[in-house]
Amino acid sequence: MTLARRRFDALIIGAGGAGLNAALQLADSDFRVAVVSKVFPTRSHTVAAQGGVNAALANVLPDNWHWHMFDTVKGSDWLGDQDAIEYMCREAIPTVYELEHAGVPFSRLDNGKIYQRAFGGQSQNFGGPQAARTCAAADRTGHAILHTLYQQNLRARTHFFDEYFAIDLIRDDEGAILGALVLEIENGEPLLIEAKATVLATGGCGQVFRTTSNAHINTGDGMAMALRAGIPLMDMEFFQFHPTGIAGKGMLITEGVRGEGGYLINKDGERFMERYAPNAKDLASRDVVSRAIVTEVKEGRGCGPNGDHVLLKLDHLGEEIINQRLPGIRETGRIFAGVDAAKEPLPVFPTAHYAMGGIPTDRFGRVLVPHGTGEEVVPGLYAAGECACVSVHGANRLGGNSLLDILVFGRAAGLDLREQLGRHHRPLDEASVEQAMARLNRWDRKGDGPTVRELRDAFRKAMEDHAGVFRTEEIMSEGLEQLRALREELDAVCLRDHSRIFNTARIEALELENLVDCGMAIAVSALARRESRGAHSRPDYPERDDVNWMKHTLYFREGDRLDYKPVHTRPLTVESFPPKERVY
Amino acid sequence: MQFLVSRYNPESDEAPHLQSFEIETWRGMMLRDALLEIKRQDESFAFRHSCGEGVCGSDAVNVNGSNRLACITAVADLKAPVTVRPLPGRPIVRDLVVDMSQFYAQYRAVTPWLVRKDPMPEQEIRQSPAERARLDGLYECILCGCCSTACPSFWWNPDKFHGPQALLTAWRFLADSRDQATEERLDALEGPYRLFRCHTIMNCVEVCPKGLNPTRAIGHIKQLMLGHAI
């Protein structure tokens, strides 16, 4: 049987905000763009983003991009690259206006301008009073943005390959990326898509943890594809636990609740954040709030019969404000916690939420690998969004900066591609195609080995128990042993279902391989980093260590090898923000 | 609790049939959790799902005769045995997975994007809170398909009648103070089928998991059209 082949100028893998904003720049310039997504585009996880997107529009309170930049650098615990952060904070402003022009139904102020709310880690005047920087469409901002971007891509006649799963990148001997092998889920047929450039925009890998705000689809497919192509993942030890997931379930309750005036209480009814962050209180950075909640529960001040969560109080805001600004939260609370948030507080606990790390790129979205003493660009490969690491979030991402990251750098990748796309495709490398086919065909193996489900459950539990909010040498070393053993077992896993048509078991098997690769990157990188910085919290090394550890981790799949590279402390035009103590 | 789920694998089955599964339920269990338990027992069971919180719109199914999102349907609210079938009126691909291409084609047919003819301002296009409030109950649609696949008019004419989802989207843009294509949008809805096949049966309103009201949106379009004709 011959393999079906298609050719495009650009191939974009993933149809969330990053992929669709990259596609839009190209399709609007009449390039032939293919967007491959394993789900129908509006099912992508961008749809779940609630609170909003940061941009210093100054619609509500005084603001400028330089303050936004300071907050982001501080939020990153000085691990973010200051050139990329400056770029993002400057570009935030035109990016949000562009989205509004495209039709995003932002909430409005009386003067007709975009509504902005307060979010964690935001300040005026470099650490001064609270800022209001988060542009919101009620508490459904991601949904509003994703649908708008999909609609604009329909207008621009982007080619959509809906429900196609990407197996692996195709590359030649020089390491140039030539496209990807994908699988049409509906009929089980592989398809080779050749492209002059490929953009990985596959989102995060939150499914590596058992309790997560992340959707079923967030399995780190692009990150793992990069790893298998010999590209390292950067800063994977930095994984954000969002402070307010519904206790025991993980569904997200936006930080916007606290931005609108909600606050956390323990079993004594105490506003405990006042003790941990006297100034910012409930709007301290996410890592700070998550650790505070876990500490309260550990020290016996948790709520409920098992004392295993805290409460998020917002009923004092009044039904009108809740219905207008937080309608989705009221709905989520009712359905999943059986609580009407307009009357009672919501039970919450931290939930795995966001990968700060990912595929290393520059601020144009071009993927970078170490070369000699420096770095070089991987020809034909871009990455943007949560699967990428520019790095703008460093050790901890600020709320409202993830939608911003996907939009700014998706757009940047599209704009750079417009300049860079050459006239011709590089010749195809058949050996690489065979290798990708082998990955797919491996799942045709029959037998009675462990099932995908068994291994997946075991792996996610081991990750949760050993690479969670607090990490010690002992817990992590033990976890790494377990994870390595599970990785060994993966080879024996067999599918029971070998049918072709819409075989979701086969997709889950391919996703499991990706999860294992991403989980190993997190566990190996975390064990090595002997300091506490941002989301990476080590009770055995409680201080940040700028002398030894102000550097980015690079994890390579081959031999679980680690390497490091310096943080870019020099911004594009302004003065550098030197590291200092991070207090809120 | 007993679940009867529709099974169909085109590679081995001639027609869809119901298969019974016994599932242990727990407090707060959602229908999606139950479907995942079934998949745990039999990995060949196929259904779409993703976010698990009612925003991605992947897991619309027909439960005890009514279209719903599995992830926000509490098992405790369902009468046993729970019968789960694919959305009605669409070709079945496998088990609970249906071919939604006609539904998406109708969505694409209503020019589902903002059309602006004036040059763009440097900042946002201004919109008052009252103008923005007109979009509430419209923009929240998650394209799950519960409404259109519950609509008898859409069952008979899925190629010609836009269906409640696409018409809700049509009104979402007609209602947007920023949109400048009212004439073209209304012209494109002329004819006996696209809009006017709606017979106000209101199944769409009953099933929408986001509490939206496509029938009201269709009424607004008809009203606007009346003014337009005069």
Side-chain angles (χ1 to χ4, degrees), chain A residues 39-40 42-45 47-48 57 96-97 100-103 105-115 137-138 140 142-144 147-148 151-152 154-155 162 186 215-217 248-252 327-328 331-332 335-338 451-453 495-497 499-505 508, chain B residues 9-12 28 30 39-40 42-58 72 74 93-95 97 99-100 104 107-108 111-116 120-129 131-133 135-136 138-143 172-173 176 178-179 210-211:
Chain A
V39 292
F40 181 77
T42 63
R43 321 282 181 225
S44 307
H45 199 48
V47 82
L57 306 183
V96 167
Y97 289 142
E100 194 280 330
H101 297 166
F106 283 110
S107 301
R108 299 289 171 154
L109 298 161
D110 285 338
N111 64 8
K113 291 188 167 198
I114 295 170
Y115 171 71
R140 304 187 177 99
H143 169 282
H147 280 251
T148 300
Q151 292 162 349
Q152 288 296 332
L154 290 177
R155 175 191 55 73
D162 298 338
E186 184 172 328
H216 177 71
I217 54 174
K249 308 231 163 118
M251 289 86 186
L252 196 71
E331 197 178 315
T332 300
I335 294 169
F336 293 104
T451 64
V452 169
R453 182 63 64 166
L495 284 175
R496 308 303 191 265
D497 177 8
S499 60
R500 297 282 132 189
I501 309 288
F502 219 98
N503 184 340
T504 50
E508 289 185 7
Chain B
N9 180 347
E11 293 168 74
S12 51
M30 295 290 159
K39 194 165 176 62
R40 211 173 273 272
D42 177 355
E43 72 174 27
S44 74
F45 175 52
F47 66 104
R48 294 185 178 108
H49 69 103
S50 182
C51 74
E53 51 188 45
V55 292
C56 79
S58 302
I72 55 171
V93 176
R94 177 176 178 165
D95 297 340
V97 178
D99 179 349
M100 294 291 279
Y104 295 134
Y107 173 74
R108 291 195 298 270
T111 318
W113 54 83
L114 192 81
V115 175
R116 190 81 187 167
M120 290 294 181
E122 269 171 67
Q123 299 184 332
E124 62 268 69
I125 305 166
R126 298 288 181 105
Q127 186 174 48
S128 72
E131 287 168 335
R132 169 60 184 75
L135 306 181
D136 285 335
L138 306 174
Y139 83 95
E140 302 93 323
C141 174
I142 57 174
L143 292 171
R172 178 251 173 273
F173 288 102
D176 195 323
R178 299 170 296 174
D179 191 80
K210 305 309 281 183

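Just so we're on the same page: letters track the sequence lines, and every chain starts at 1.
- Put simply, of A:R453, A:M251, A:E508, A:R155, the one with the most heavy-atom pairs under 4.5 Å next to chain B is A:R155.
- For A:H101, the parts sitting under 4.5 Å from any heavy atom of chain B are the backbone and the side chain alike.
- For A:F40, the part lying near chain B is the side chain, with the backbone staying farther off; criterion is any non-hydrogen pair under 4.5 Å.
- Only the backbone of B:F45 comes within contact range of chain A, with at least one heavy atom under 4.5 Å from a heavy atom of that chain.
- Here B:M30 contributes atom CE and A:F336 contributes atom CZ; the two are 5.0 Å apart, rounded to the nearest 0.5 Å.
- For A:D162, no part lies under 4.5 angstrom from a heavy atom of chain B.
- Annotation: side chain to side chain contact (heavy atoms under 4.5 Å, CB included) contacts of A:N503 (sequence neighbours excluded): A:D497, A:S499, A:A505, A:R506, B:R94.
- Only the side chain of B:V97 comes within contact range of chain A, with heavy atoms under 4.5 Å apart.
- A search for side chain to side chain donor-acceptor pair (under 3.5 Å) contacts involving B:R116 returns nothing, not counting sequence neighbours.
- If you measure heavy-atom distances from B:I125 to chain A, the contacts under 4.5 Å come from both the backbone and the side chain.
- The contact between B:Y107 and chain A is made entirely by side chain atoms (from C-beta outward), counting heavy-atom distances below 4.5 Å.
- The part of A:A102 that comes within reach of chain B is its backbone (N, CA, C, O), which places non-hydrogen atoms under 4.5 angstrom from that chain.
- Heavy atoms of A:R496 lying under 4.5 Å from chain B belong to its backbone as well as its side chain.
- The one candidate from A:R43, A:H216, A:H45 that meets the side chain to side chain contact (heavy atoms under 4.5 Å, CB included) condition with B:C56 is A:R43.
- Proximity to chain A is absent for every atom of B:A74, based on heavy atoms less than 4.5 angstrom apart.
- Only the backbone of A:L109 comes within contact range of chain B, judged by heavy atoms closer than 4.5 Å.
- At a 4.5 Å heavy-atom cutoff, B:E131 makes no contact with chain A through either its backbone or its side chain.
- For chain A, the nearby part of B:P10 is the side chain; its heavy atoms alone come within less than 4.5 Å.
- A salt bridge links B:R178 with A:E100: the closest approach of a Lys/Arg side-chain nitrogen to an acidic carboxylate oxygen falls below 4.0 angstrom.
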